[in-house]
Amino acid sequence: MYARCGKVEDALKVFDESSQRGVNDVVSWNSIVGAYVQSGEVNRALKMFGRMNSGGFGLQADVVSLVNILPACGSIKAAMLGKQVHCYAFRSCLFEDVFVGNAIVDMYAKCGMMREAKKAFDIMDDKDVVSWNAMVTAYSQSGSFDDMMHLFEEMKEKKIESNVVTWSAVIAGYAQRGLGVEALDVFRRMQLSRAAPNMITLVSLLSACATLGALLVGKETHAHAIRCLMNNRNDRGEDLTLNNALIDMYAKCGNVSDARIIFQSLSLKEMNVVSWTVMIGGCAQFGDANEAMGLFSQMLHGTTRPNAYTISCALMACSRLGALRSGKEIHAYVMRNCNGNGFESVMLYVANCLIDMYSKCGNVDAAQIVFDNILNKNDVSWTALMTGYGMHGRGEEALQVFDGMQKAGLVPDEITFLVVLYACSHSGMVERGIKYFNTMQRDYGVAPMSKHYACMVDLLGRAGRLDEVVELIKGMPMKASPIVWVSLLSACRIYANVELGEYAAERLLELDSKYDGTYTLLSNIYANAGRWKDVSRIRLLMRKMGIKKRPGCSWVQGEKGTASFFVGDRSHPQSEQIYELLADLIQRITIIGYVPETSFSLHDVDEEEKKGLLYEHSEKLALAYAILTSTPGAPIRITKNLRFCGDCHNAFIFISMIVDHEIIVRDSSRFHHFRKGTCSCRGYW
DNA sequence: TTAGGGTTAG
């Protein structure tokens, strides 16, 4: 009785008393073991089970004992013990019991031993729907989708009716793989069948909607869930899981405000670590990364501890903001808490996020140190570091990482080659980029995809080899994607090629007429060529299409937090000093040879931005602010949401000659390190 | 006895 009410200690007392009198039977032993399993004390349960079977008590485990202990083995992946229990079940013929058989299949699956699971499943004489579900679930969770669907079809052939568990497992399997369309399709088929979805089905479905960004179906599912809630009394845990899945779905579908409404409807007591994680992750990726950081610090002041998932999301926010100081603080937090708090098993994930964070916050050397300290590096670790060197224009080092990766026995795949080409492109290593592109299929069996072509267009385009770009695009075995045309258009902007630019813009508008960058780039090309009529034609077209240029924004992490600037921004309290210093800097660099490139003053199509003069660009304001507030000699880190303006880039080179700071700028595609009149991009900006 | 929510590299 005590055991069933969850009072393990009381149950144990009774058990011990009976023990002394020698009257405990299998039933009482089972109750104790079951109570430990229920309360999550798996190791104690396993110990008790071991004592029971030690032979000293003259007892033998029965069906209930096995059904108790097998899931416990699975939950802590105690494969050896699980195998022993299986042997015992075999010897005692208890494995013929369908409950025991199901538990054996499930145990092997949870231990990741799929072959053994399938073997145990195959020799079961009387399978029930639970047996099939155990196997379908096993395949679903191990990512073996073909096997999962095969079994699912076999169920249909054998006329075993799928129940809600089967359907939910199949939906979840697809969702986890990111196959949202297939998951939704299964849900439609489920609706046609007799099985009614429950909360778990809906949660799996929301996860599919989240990966797909399918807001409409997500909302439908939300409505389903409300009906489901009204019809059934659910426990609070189930409600919270649903709310967490809803927050995640809304955020990933780009509707952060609805996600926030659900998040805020939860009381601090109700929410758990997942609620915080999905909200922080949602803001970090799809909303305001500053809000994500705010939420994270709010969380640290509360009672819910972040785990590795939360940390990864917070690091993503730092990466996006270029918030090196916050990133370092989180790194320190991880170091303080990595022992015994559930971080071990997912440390690799966190470490890979740290590599990304340090690279994107401008400190790729720190990323290298994190990388060096990882004992069991995986392909993501190598790729993240390579990307880091690539975006800092340190192509040689990126290629050394590529060599190291292969020496470590990892096989390059399409992502590896994308990163290699990207690194070559950002370091001006044109010939080597071409060589890798030409050999990736021949030597490594990786066929170039559209994104690799886009990278090559970028590589050749930045180098001004526009004729070769045209040939490359003509020879593409697939339709050119929008990124291909954007890369070409950008190259036409740099090399002032109006005709080709127009052609690229036309192709791009056919594919995606809503992308504001197309209009801006084309307008810049016309402005540069002095074709003012065309400039106003583009402006009119934008108005007609309801397209607004995203405003350029630059920010800098100062002593007292982050300061951000738009073009012509005068909202900062130190605005007057900032403009004064900027005017002084411009005057001084003009003396040593800076000439404003006025074509960039027409960079902005937006009316408000047009008013801004060249020296009011957001990156120049951010730099002036940073110089004003930093200690001499300290590096200055600026982040810009769009592409670095060419005139600003030129001005920064001159300014770096006259100030005692290294200036590190991250724009939408890469880093620029300015030191004493040079930039790390060597013209490939 | 089977099923459910959150994380990394382009």
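The sequence lines fix the lettering, A, B, ..., with proteins before strands; numbering per chain opens at 1. The shown structure was predicted, so the numbers you read here are calculated from the model rather than taken from an experiment.
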Considering only heavy side-chain atoms of Thr383(A), the closest of dA9(B), dT7(B), dA3(B) is dA9(B)
To the side chain of Met316(A), which of dG6(B), dT1(B), dT7(B) is closest?
dT7(B)
Ring centers of Phe371(A), Trp382(A) separated by less than 6.0 Å
yes
To the nearest angstrom, how far is Leu315(A) atom CG from dT8(B) atom P?
11 Å
The side chain of Phe99(A) is closest to which nucleotide in this list: dT8(B), dT1(B), dG6(B)?
dT1(B)
Quickly work out the Met249(A) CE to dG4(B) C1' distance and round it to whole Å.
15 Å
Calculate the interatomic distance between Met155(A) atom CE and dA3(B) atom P; express it in whole Å.
14 Å
Looking only at dT8(B), dA9(B), dT2(B), the nucleotide nearest the Asn133(A) side chain is dT2(B)
Identify, with sequence neighbours excluded, every residue that meets salt bridge (charged side-chain N to carboxylate O under 4.0 Å, His left out) alongside Arg260(A).
Glu291(A)
Would you mind classifying the nucleic acid contact of Val105(A) as base, sugar-phosphate or nothing, using non-hydrogen atoms under 4.0 angstrom?
nothing
Touch class at under 4.0 angstrom, heavy-atom based, for Met386(A) against every strand present:
nothing
Under 4.0 Å, heavy atoms only, any strand: does Val130(A) hit a base, just the sugar-phosphate, or nothing?
base
Report yes if a side-chain nitrogen or oxygen of Lys127(A) is closer than 4.0 Å to either non-bridging phosphate oxygen (OP1 or OP2) of dT2(B); otherwise report no.
no
I want to check something: taking the side chain as every heavy atom from C-beta on, are Met293(A) and Cys318(A) in contact at a cut-off of under 4.5 Å?
yes
With respect to the side chain of Ser207(A), which nucleotide from dT2(B), dG6(B), dA9(B) is positioned closest?
dG6(B)
Passes ring-ring contact (aromatic ring centres under 6.0 Å, His included), Tyr174(A) versus Phe145(A)? Steps please.
CA-CA 8 Å; Tyr174(A) 276 123; Phe145(A) 288 92; 5.6 Å; yes
Nearest-nucleotide pick for Ala172(A), side chain only, options being dT8(B), dG4(B), dG6(B)
dG4(B)
Shortest side-chain distance from Gln141(A), nucleotide among dT2(B), dG6(B), dG4(B)
dG4(B)
ring-ring contact (aromatic ring centres under 6.0 Å, His included), that's the test. Do His150(A) and Tyr139(A) meet it? Break it down for me.
CA-CA 10 Å; His150(A) 187 246; Tyr139(A) 282 138; 9.0 Å; no
Below 6.0 angstrom between ring centroids: does that apply to Phe402(A) and Tyr436(A)?
yes
Determine the contact category for Val278(A): base if any of its heavy atoms lies under 4.0 Å from a base atom, sugar-phosphate if only primed atoms, P, OP1 or OP2 are that close, otherwise nothing.
sugar-phosphate
Nearest whole Å is fine: how far is dT7(B) C1' from Asn378(A) CG?
13 Å
Cys353(A) has its side chain closest, among dA3(B), dG6(B), dT8(B), to dT8(B)
Side-chain ion pair, Arg320(A) and Asp356(A), N-O less than 4.0 Å:
no
Closest of dA9(B), dA3(B), dG6(B) to the Val165(A) side chain is dA3(B)
Output the single nucleotide from dG6(B), dT1(B), dA3(B) whose closest atom is nearest the side chain of Thr277(A).
dG6(B)
Classify the nucleic acid contact of Lys377(A) as base, sugar-phosphate or nothing, counting any heavy atom under 4.0 Å across all strands shown.
nothing
Whole angstroms only, please: what is the OH-C1' distance between Tyr250(A) and dG6(B)?
18 Å
Which is true for Asp356(A) with a 4.0 Å heavy-atom rule: it touches a base, it touches only sugar-phosphate, or it touches nothing?
sugar-phosphate
Within this structure, what is the CE-to-C1' distance between Met405(A) and dA9(B), rounded to whole angstrom?
10 Å
Mind checking Lys110(A) for me? I need base, sugar-phosphate or nothing, with any heavy atom below 4.0 Å counting as a touch.
sugar-phosphate
How many whole angstroms separate atom CG of Leu385(A) from atom C1' of dT8(B)?
14 Å
In whole angstrom, give the distance that lies between atom CH2 of Trp276(A) and atom C1' of dT7(B).
18 Å
Under 4.0 angstrom, heavy atoms only, what part of the nucleic acid is Asn272(A) near: base, sugar-phosphate, or nothing?
base
Establish whether the base of dG4(B) is bridged to the side chain of Asn198(A) by a donor-acceptor pair shorter than 3.5 Å.
no
Is it the case that dA9(B) (base atoms only) and Asp379(A) (side chain only) share a donor and an acceptor within less than 3.5 Å, ignoring hydrogens and angles?
no
